[in-house]
Amino acid sequence: MAGVVESPVATREVDTHCPYCALQCGMTLRAAPEGHVEVAARQFPTNRGGLCQKGWTAAELLDHPDRLTTPLVRERGELRPATWEEALDRIITGITAIQAAHGRDAVAVFGGGGLTNEKAYALGKFARVALRTKNIDYNGRFCMSSAAAAGMRAFGVDRGLPFPLADIGQADTLLLVGANVAETMPPFARYLTEQKARGGTLIVVDPRATATARQATLHLQPTPGTDLALANALLHIALGEGWVDKEYIEDRTSGFDEVRRTVASYWPARVERMTGLPVADLEAAARALATAETAIILTARGAEQHAKGVDTVTAYINLALALGLPGRPGSGYGCLTGQGNGQGGREHGQKADQLPGYRKLDDPAARAHVAGVWGVDPDDLPGPGPSAYELLTGDEMRALLVFGSNPVVSAPRAGRVEGRLRDLDLLVVADFVLSETAAIADVVLPTAQWAEEEGTMTNLEGRVLRRHAFREPPPDVRTDLAVIAELASRLGAGARFTTEPRAVFEELRRASAGGTADYAGVTWERVDAEDGVFWPCPSVDRPGTPRLFLDSFATPDGRARFLPVEHRPVAEEVDAEFPLYFTTGRVLAQYQSGAQTRRIESLRRSAPSAFVELHPDLAARLGIEAGQDVLVTSRRGEMRAPALLTETIRPDTVFAPFHWGGAARANSLTSDALDPTSRMPEFKVCAVKVRAA
C-alpha cells in the first residue's frame, strides 16, 4: 500500500506521482542525508519503473531560490512582500467593491489542469457558491476540449483513454495523430517500442519528422490543418476495399449512411492534393489499420488544437467505428490527455459549463443534485459562462483570480490576453513561483507544491491516483484549499468549505454520484491498495472500469453515433504577405508554459531557449543562417529566436516551442479563431512571414 514508510536507516520515504504530464508516473520521494529531496522511480502500471528527465528533477523546485514564500502586493507599480492579512484584505476589498459596482459576474476565476481533483472541485464550488459568478474556466480548454466534445458527441462520455495504457503495446497497428510522445511523455514511448518489437505497425501523422515520427513504420507528413481530410480519405479507402465491419456498424452504431455519403467525395487523388500525402501512403495506412487483428487510433493536440478540432477528432472516431474498434478488446479510439490532471480537472467543475461528475450546468436535474450536496438553492447557482479565451479577453471581467495557470505565456494571441490582464482592476495569482502572469498581478499568494499536500489526480486512462505529501509547506505558504476556504469565509460562505483534502474528496464523491464521471465508489484506501481506481465506479462494492464500451456506449440508446464532417480550410490561409504555415509544440526538457522547468538547471542546459525550426531550403531562400536570430511575424504579433535548420520539417512550415515568454513567446503569433463547439483556439496553424532579425 502506498504511503509514508520509515526505512531501517530512518530515511523517510513517500510513494507518490510525478507533478507533470498525464501519465502521472509513479515515483518515491526520499529525504537525502544532505537535506535535499531525492526522486526514485517505482514500479507503477503507467511508467513501469521509468521516468523522464523532468520527473527525475521534479523535486529540485521544492527548495529553489525562486520559490515564493510570502504574499506579495503591488504598491507604486512594484510587488513587495506583505502579510497574509494584508494580501487577503486587498483581495476581499477589491472583490466586494467590484461586485457591488459591476455585478457578481465582474469577478472571474481561471483554473488549471494540474490542480488536484479536490482543488478543481473546490475552485468550481468557490466560483459558484462564494463568488456566485458564472465566469470560471480553466487552461484545459486550450488542451483537451475538442477531443472531449467529440467523445461526448459520439460515445456519450469523455475519458481520454477508454482502455488501459498496456493495450497500446499490444496493438497490431497503431495510428498516432498529432502527438510527439517521445518528447512530451517519454515513458509512454516504451509502449511504442513494445508494439514495434511485437511486429506491429506504427503510423504517425505529423507535419514534422519528430522523435516519435522517426520511430514510425509509416510517417504521414500532411499540410498543417488537413488532418480531417486525411481521416475521411482513410475511411473512403476502407469502404471501397470492403474493409469496414458491417456487423459492428449494424449492431452498435447509428448514422453511418450519412457518413458514407460524405466520405464518398474524399477519393485518394483529391486528398493527395489537399494534404500533400501520396496516394500510395494513404492506401498503405488504410490497409494497415483495416486488416490488423487489433488496431488503436490515438489523437492529440496536433489534430485537436484547431478551429475545426471537434470535427477532426470526429472524423477519426468515425474511422474507428467503421472498423469496429471501440469496445473491441485490444482495439479502440483514444485521446492523449496532456496536463497532469487534465482528465480529472475537467470532470469536477472548473469548466464554464460543467458541474462535478461531468454534469451539465444547464441541466435542472444536475443543478438540483449538486446544489443539494452543497446545501444551496439550485436557483442560486449561476448559469454557464464564456470559454477560456473569451473570458480572458471579454469586457465583463474586472477582476480575475488565477490558480495553477500562466495564461500570459500559454493563451493564444497572448499579447492581447496580457494587455487585458494588465488593465484589470484586480488580478490575483496563486502560485509557487513568480510566473509571467504572477509578475503582472496586484496580489500574489504563495501556495504549496505537489509534494506538500495530499490529494488525488486522474491520469489519461481515467485512473484515479493518490498524491501523498512528503513534507509540510514552508511556514508562510498555504495550500490552495486553505486559500479558497479563507476567501470563502471572508465572503460569508466559510461554513461550506474546508481546508482538508480528504473531506473535500468525500464531498466530491457525493457530488459526482450518478454522473458521467462517477467517483462514488472511489475511496483513498482503494486507490492506494489497487494502484488506482478507474472511473466510473458507482459504489464501493464494485470494481472500477478499466475498459469502456465492451457492451454498450454511454448514449441514451447504447449506440455510438457516426457524425458526418467535412474538411474546411484553416481559419487563416497563407498568402503573399504571410506565405508560411506556423505551428507550435513542446520539447523534451520543458513543460507547458515553462514556469517550473525553466528554473531547473539541468533542464535549462538541455533546452536553454526557444528556437525557430526552418527547412534548409526555406532558410536559403530567405538568406537565413543556422543560429541567426529571426523574426517570425503574424497578423497578431511577432517572436524572436535563433533559427534551427532541419530537414525534419516541411519547407512551407515553421515551428517554435511555446514554453518561453518575452520576445520568444510563440503564442504572440497564434490565432484566436475558436472551434464553434469546444471553443478551442487554433493554436496549431496560422500564417506567418520570417526574416532575419
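We count residues from 1, following the sequence as given. Side chains included, hydrogens not; waters and symmetry mates left out as well; all remaining heavy atoms used.
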| Hey, does Trp243 have a side-chain heavy atom less than 4.5 Å from the side chain of Arg287? | yes

| query | Where the side chain of Gln221 meets the backbone of Asp206, is there a donor-acceptor pair that is under 3.5 Å apart? | reply | no

| remark: Taken in chain and number order and not counting sequence neighbours, the residues that satisfy ring-ring contact (aromatic ring centres under 6.0 Å, His included) with Phe403 are none

| Trp535 side chain reached by Glu347 side chain, heavy atoms, under 4.5 Å | yes

| task | Classify the angle between the aromatic ring planes of Phe549 and Phe155 as parallel (below 30°), tilted (30 to 60°) or perpendicular (above 60°). | result | tilted

| field | Point-to-point distance, once rounded to the nearest 0.5 Å, from CD of Gln339 to OG of Ser410 | value | 8.0 Å

| query | Quick one: does His306's side chain get under 4.5 Å of Met680's, heavy atoms only? | reply | no

| Distance-only, no hydrogens or angles: does the Ser331 side chain make a donor-acceptor pair with backbone N or O of Ala295 under 3.5 Å? | yes

| said: Would you say that Leu319 contacts Leu289 through its side chain, given a criterion of any heavy-atom pair below 4.5 Å between the two side chains? | reply: yes

| query | Step by step, would you call His64 with Phe432 a side chain to side chain contact (heavy atoms under 4.5 Å, CB included)? | reply | CA-CA 10 Å; His64 195 278; Phe432 46 82; over 6 Å; no

| said: Applying side chain to side chain contact (heavy atoms under 4.5 Å, CB included) to His659 and Gln592, what does each step give before you reach the verdict? | reply: CA-CA 6 Å; His659 309 291; Gln592 298 298 87; 5.6 Å; no

| query | Do the side chain of Arg30 and the main chain of Ala40 share a donor and acceptor less than 3.5 angstrom apart? | reply | no

| With a 4.5 Å heavy-atom cut-off, do Leu336 and Phe188 have their side chains touching? | yes

| request: Flag the pair Tyr138 / Cys143 as yes when at least one side-chain heavy-atom distance between them is below 4.5 Å, and no otherwise. | output: no

| Summary of ring pair (Phe, Tyr, Trp, His ring centres under 6.0 Å) pairs that have at least one residue in residues 26-57, sequence neighbours excluded | His17-Phe44

| request: Output the distance between atom CZ (Arg159) and atom CG (Leu460), rounded to the nearest 0.5 Å. | output: 10.0 Å

| query | Which atom pair, heavy atoms only, marks the closest approach of Cys335 to Met144? | reply | SG-CE, 3.4 Å

| field | Over all atoms of both residues, closest heavy-atom pair of Pro187 and Asn47 | value | CB-CB, 4.3 Å

| said: Would you say CD of Glu472 has more than 12 non-hydrogen atoms from neighbouring residues, nucleotides or ligands within 6.0 angstrom? | reply: no

| message | One thing to verify: whether Glu118 and Arg466 come together as a salt bridge, which I'm taking to mean a side-chain N less than 4.0 angstrom from a carboxylate O. | response | no

| Do we see a donor-acceptor contact under 3.5 Å between the side chains of Gln170 and Thr294? | no

| message | Go through it in stages, so that I can follow the logic: the residues are Glu452 and Arg67, the test is salt bridge (Lys or Arg N to Asp or Glu O under 4.0 Å), and I'd like the CA-CA distance, side-chain angles, deciding distance and then a yes or no. | response | CA-CA 13 Å; Glu452 299 165 347; Arg67 175 80 188 268; 2.8 Å; yes

| query | Atom OG1 of Thr28 and atom CD of Glu38: how far apart are they, to the nearest 0.5 Å? | reply | 11.5 Å

| Thr116 and Arg467: side chain donor to acceptor below 3.5 Å | no

| note | Between Val39 and Met27 the two heavy atoms that sit nearest each other are CG1-CE, 3.9 Å

| message | Quick one, Asp66 and Arg598 - any side-chain contact, counting heavy atoms below 4.5 Å? | response | no

| task | Say whether, by atom type as modelled, one donor and one acceptor occur between the side chain of Glu461 and the main chain of Pro164 under 3.5 angstrom. | result | no

| task | Examine the side chains of Asn117 and Thr458 and answer whether a donor and an acceptor come within less than 3.5 Å of each other. | result | yes

| field | Trp524 side chain to Glu454 side chain, donor-acceptor N/O pair below 3.5 angstrom | value | no

| said: To check you understand the geometry: which heavy-atom pair defines the closest contact between Pro536 and Leu548, and what is its length? | reply: CD-CD2, 3.8 Å

| field | Close side-chain approach of Trp450 and Thr16, heavy atoms under 4.5 Å | value | yes

| message | Whether the Asp227 and Thr312 side chains hold a donor-acceptor pair (N or O, under 3.5 Å, no angle test) is what I'd like checked. | response | no

| field | Matching residue for Lys119 among Glu453, His348, Gln350 - test: side-chain hydrogen bond (donor to acceptor under 3.5 Å, both in side chains) | value | Glu453

| field | Distance-only donor-acceptor check, side chains Arg604 and Gln590, under 3.5 Å | value | no

| message | Checking Arg214 against Glu647 for the salt bridge (Lys or Arg N to Asp or Glu O under 4.0 Å) test, could you report, in this order, the C-alpha distance in whole Å, the side-chain angles of both residues, the deciding distance, and whether it holds? | response | CA-CA 12 Å; Arg214 291 195 293 273; Glu647 294 185 351; over 6 Å; no

| note | Shortest non-hydrogen pair, Asp531 vs Pro45, comes out as OD2-CD, 3.9 Å

| task | Kindly compute the distance separating CD1 (Ile296) from CG (Leu325), expressed to the nearest 0.5 Å. | result | 8.5 Å

| query | Under the criterion side chain to side chain contact (heavy atoms under 4.5 Å, CB included), which of Ser602, Ser606, Pro186 is the partner of Gln53? | reply | Ser606

| said: Working to the nearest 0.5 angstrom, can you tell me the gap between Asn139 CG and Ser145 OG? | reply: 11.0 Å

| Which of parallel (below 30°), tilted (30 to 60°) and perpendicular (above 60°) describes Tyr519 and Phe505? | tilted

| Backbone of Gly156 reached by a side-chain donor or acceptor of Thr555 within 3.5 Å | no

| message | The test is side chain to side chain contact (heavy atoms under 4.5 Å, CB included); show your working for Tyr358 and Arg346 and say whether it passes. | response | CA-CA 8 Å; Tyr358 224 122; Arg346 66 182 182 271; 4.2 Å; yes

| Is there a donor-acceptor pair under 3.5 Å between the side chain of Tyr191 and the backbone N or O of Thr46? | yes

| request: Verify, without hydrogens or angle tests, whether Thr523 (side chain) and Arg526 (backbone) share a donor-acceptor contact under 3.5 angstrom. | output: yes

| request: With salt bridge (Lys or Arg N to Asp or Glu O under 4.0 Å) as the test, would you mind laying out the steps for Asp63 and Arg471 before giving the verdict? | output: CA-CA 12 Å; Asp63 298 305; Arg471 68 180 196 186; 3.0 Å; yes

| field | Sidechain-backbone polar pair: Gln24 side chain, Cys18 backbone, donor-acceptor under 3.5 Å | value | yes

| Stepwise side chain to side chain contact (heavy atoms under 4.5 Å, CB included) test for Val533 and Arg463 | CA-CA 5 Å; Val533 177; Arg463 187 195 301 257; over 6 Å; no

| Gap between atom CD of Glu304 and atom OG1 of Thr299 - 0.5 Å precision | 4.0 Å

| Other residues, nucleotides, ligands: >12 heavy atoms within 6.0 Å of Arg542 CZ | no

| said: salt bridge (Lys or Arg N to Asp or Glu O under 4.0 Å) for Glu194 and Arg190? Distances and angles first, verdict last. | reply: CA-CA 6 Å; Glu194 178 184 337; Arg190 66 179 52 200; over 6 Å; no

| field | Heavy-atom pair with the smallest gap, counting every atom of Gln343 and Asp158 | value | NE2-O, 3.2 Å

| task | Show your reasoning for whether ring-ring contact (aromatic ring centres under 6.0 Å, His included) applies to Tyr316 and Tyr333. | result | CA-CA 8 Å; Tyr316 285 95; Tyr333 162 80; 8.1 Å; no

